[in-house]
Amino acid sequence: MQNKFLGLTPPMGWNSWNTFTHAINEDLIKETADAMASSGLKDAGYEYVVIDDCWSLRQRDQDGFLVPDPEKFPHGMKAVADYVHEKGLKFGMYSCDGTHTCAGYPGSFEHEFQDAATFAAWGVDYLKYDNCYKPRHMDGEMLYKRMSLALRNCGRDILFSACNWGSDDVWSWIQGSGAQLFRSTGDIQDSWESIKNLALSQMDKMAYSGPFCHNDIDMLVVGMHGGSNNEFIGSVKGGCTDEEYRTHFSLWAMMNSPLMIGCDIRKMSEYTKETLCNPDLIAINQDIECRGPYVVPGHDPAALMALVKPMSDGSLAIGLFNLGDRKAEMSLQFWDMGIPAAAGVGLEMYDCWAHQTEGTFTERYAAQIEPHGCRVFRAKLVKVR
Ligand code: GLA
């Protein structure tokens with residue numbers, strides 16, 4: 001690899017799956033790249049435009065090469081990659097470690113090195129690699145190691161986004177594979193229940209995530225409001241409230257998940273854009289040390305959860321999440337975060353959604369949190385006497 005910083009912090013971008021699933025084409029990808037560049041998302045840090053499943057023909061060609069569907073991508077993938085690159089963005093694609101992708105298109109099993117070379121020739125910068133139709137005699141760990149090696153030797157920097165949904169104890173071996181991401185969960189749905197369950201499922205895995213190898217809790221559903229063309233993802237359920245999407249974004253940011261947008265950014269509302277572009281949340285997510293947060297004891301996390309993440313400048317990112325269905329008071333005792341009362345140190349609490357400092361507090365902080373709501377702070381340690 002040439003770029004020693006590839007995947008240092010969690011990648012940020014957009015992925016076609018959550019909203020469009022099979023209904024993808026060249027125009028959609030170009031318009032999405034346009035929107036990313038013109039809407040402010042690019043300036044906020046989003047850079048990858050990723051095409052998920054369903055981009056190829058159902059068969060490889062006679063020499064075993066993957067073939068883009070000429071109806072969806074009439075000018076081939078290189079043309080799409082060039083367009084995305086001209087916008088100052090990066091281009092991502094999708095394949096699978098099995099014989100077929102999850103939607104039944106050709107997978108990269110036994111074609112790993114050939115496909116890595118193809119992706120490099122097309123100008124791909126990011127590969128999401130799924131886990132469907134893996135032959136039973138094959139070990140998933142080995143298949144991810146294969147593709148990772150193929151990518152790391154294909155002559156182009158391609159970020160490797162492993163997507164095996166947390167199976168095979170992925171956290172225990174993924175560092176050694178060389179992948180920059182590991183999907184740790186099943187597929188997200190555009191519903192509050194799904195957001196809550198995915199976040200809670202990874203609380204005991206935060207210690208396995210770090211620079212260059214991040215726990216991927218799945219792509220964002222922020223701003224979808226039921227807009228998927230896929231019933232499982234949630235078009236029938238109507239999605240979430242804007243407030244719930246903010247809590248979702250706050251959780252993913254605090255948990256160092258990649259921030260891969262799943263809504264149609266050509267049509268997003270101002271509120272959605274503000275949510276996705278919150279510079280204070282993005283700064284927490286992109287902190288260079290990538291330390292996973294810990295849960296502060298004292299509450300039942302399934303209802304009230306306090307997350308604390310040490311930041312590289314010495315401050316603490318603090319998230320107070322009300323995952324329950326009733327308004328509730330949450331309190332944080334500072335000695336639970338390593339600040340004894342005798343230290344003479346308080347916390348200057350900057351509210352990352354209100355974008356203002358709430359004040360300096362000593363010993364404890366308490367706030368009323370709306371159901372499914374949150375407060376996120378950047379807390380600076382200050383001398384109080
Ligand atoms: C799996 C993945 C999803 C998506 C689909 C595509 O379900 O987990 O994120 O890539 O496959 O078929």
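Order of listing sets the numbers, starting from 1, for every ligand and every atom in it. Keep in mind that what you see is a predicted model, and the values were worked out from it rather than measured. Along the sequence shown, residues carry numbers from 1. The analysis underlying the following values was restricted to heavy atoms, covering all of them including side chains, and did not include hydrogens, waters or symmetry mates.
- Under the 4.0 Å criterion applied to side-chain N and carboxylate O atoms, Lys30 and Asp34 are not assigned as salt-bridge partners.
- Those atoms of ligand 1 with a heavy atom of Trp165 less than 4.0 angstrom away are 2 (C), 8 (O).
- For the pair Glu112 and Lys145, the salt-bridge criterion is not met [side-chain N within less than 4.0 Å of a carboxylate O].
- Atoms of ligand 1 found under 4.0 Å from any heavy atom of Arg183 (numbered from 1 in listed order, with element): 8 (O), 9 (O).
- When only interatomic distances are considered, the shortest N/O to N/O separation between Asp53 and ligand 1 falls below 3.5 Å.
- The aromatic rings of Tyr126 and Tyr48 lie tilted to each other, with the angle between the two planes from 30° to 60°.
- With ligand atoms numbered from 1 in the order given, ligand 1 contributes 1 (C), 11 (O), 12 (O) to contacts under 4.0 Å with heavy atoms of Cys102.
- Using modelled atom types, one side-chain atom of Asp53 and one backbone atom of Ala103 make a donor-acceptor pair closer than 3.5 Å.
- The nearest protein atom to atom 4 (C) of ligand 1, hydrogens excluded, is given as Asp52 OD1, 3.4 Å; this is a heavy-atom distance.
- The pair Arg60-Asp115 meets the salt-bridge criterion, since a charged nitrogen lies less than 4.0 angstrom from a carboxylate oxygen.
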Practice problem: Start with the C-alpha gap between Cys96 and Cys132, add the side-chain angles, then the distance that decides, and say whether disulfide bond (SG atoms under 2.5 Å apart) holds. | Solution: CA-CA 7 Å; Cys96 185; Cys132 283; 5.3 Å; no

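- Nearest non-hydrogen protein atom to atom 11 (O) of ligand 1 is Asp130 OD2, 2.8 Å.
- A salt bridge links Asp125 with Arg156: the distance from a Lys NZ or Arg NE/NH1/NH2 to an Asp or Glu carboxylate oxygen falls below 4.0 Å.
- Only the side chain of Cys163 comes within 4.0 Å of ligand 1, judged by heavy-atom distances.
- The nearest heavy-atom contact from the protein to atom 9 (O) of ligand 1 is Lys128 NZ, 2.7 Å.
- Less than 4.0 angstrom separates some heavy atom of Tyr94 from each of these atoms of ligand 1: 6 (C), 10 (O), 11 (O), 12 (O).
- Of the heavy atoms in Thr21, none comes closer than 4.0 Å to ligand 1.
- Cation-pi geometry between Arg246 and Tyr271 is met: the NZ or CZ atom falls under 6.0 Å from the ring centre, inside 45° of the normal.
- Asp187 OD1, 2.5 Å is the protein heavy atom nearest to atom 8 (O) of ligand 1.
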